[in-house]
Amino acid sequence: MTYTATSTLPRSTASTSRAERSIRNRTRQPGRTSWTAAVAYVRDGHLDGFAKITADATHQPLAQAKKDLVDAQAQRPTQARTVGDDTIASQQKVADVFTELGALKEHLDVKSFWTTDLNADLKKAL
């Protein structure tokens, strides 16, 4: 899975927790994308806080949220990178399989929502 330069930290509709505010404030660093900074912050000893935010946002037990985060990183470390034609083609293959299985009712052109417009800025930030 490829991540673009956007933050995916869950947002609470009520009030934000101290841990969530801390993560958001620390990810606002000049010269870094929000996603890259967030991942670096979580990996720098803040996994428990992020697992709590994730558990609250997804309504799952804290232990499960933490296990999922740890397992995901062990399987494939998260990284921010530029989007290339190969990425778009790979995602198109996934969409096509879902169409063949009937999960999507019509052909989905993934180029309509993937972009390379941020690649230059992302290269600078990385």
Might you work through the side-chain contact (heavy atoms from CB on, under 4.5 Å) test for Q92 and H107, ending with a clear yes or no?
CA-CA 10 Å; Q92 185 63 59; H107 174 77; 3.4 Å; yes
Can you tell if the side chain of T115 reaches within under 4.5 Å of the side chain of V83, non-hydrogen atoms only?
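Sidechains of V83 and T115: no contact.
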Less than 4.5 Å apart, any side-chain heavy atom of T99 and any of K105?
no
After noting the C-alpha distance and the side-chain angles of D109 and W114, does the key distance pass the side-chain contact (heavy atoms from CB on, under 4.5 Å) rule?
CA-CA 10 Å; D109 181 13; W114 279 84; over 6 Å; no
Donor-acceptor contact below 3.5 Å, side chain S90 vs main chain D86
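No; judged by distance alone, with no hydrogens or angles, the pair does not exist.
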Pairwise distance [atom1]([X]) to [atom2]([Y]) - rounded to 0.5 angstrom:
X    : Y    : atom1 : atom2 : result
L62  : D48  : CG    : CG    : 7.5 Å
K111 : T116 : NZ    : OG1   : 10.5 Å
L69  : K67  : CG    : NZ    : 11.0 Å

Minimum heavy-atom distance between [X] and [Y], given as atom pair plus value:
X    : Y   : answer
V110 : A95 : CG1-CB, 3.9 Å
L122 : T82 : CD2-N, 3.6 Å
A51  : A65 : O-CB, 3.6 Å

Is D56 salt-bridged to K52, cutoff N-O under 4.0 Å?
yes
Please name all residues satisfying side chain to side chain contact (heavy atoms under 4.5 Å, CB included) with D68, sequence neighbours left out, ordered by chain then number.
Q60, Q64
Is there a path of hydrophobic side-chain contacts, each under 4.5 Å between heavy atoms of I, L, V, M, F, W or Y residues, that connects V94 with F113?
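Cluster IDs for V94 and F113 match.
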Is F50 reachable from V70 through a run of hydrophobic residues whose side-chain heavy atoms are each under 4.5 Å from the next?
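Linked, V70 and F50 end up in one cluster.
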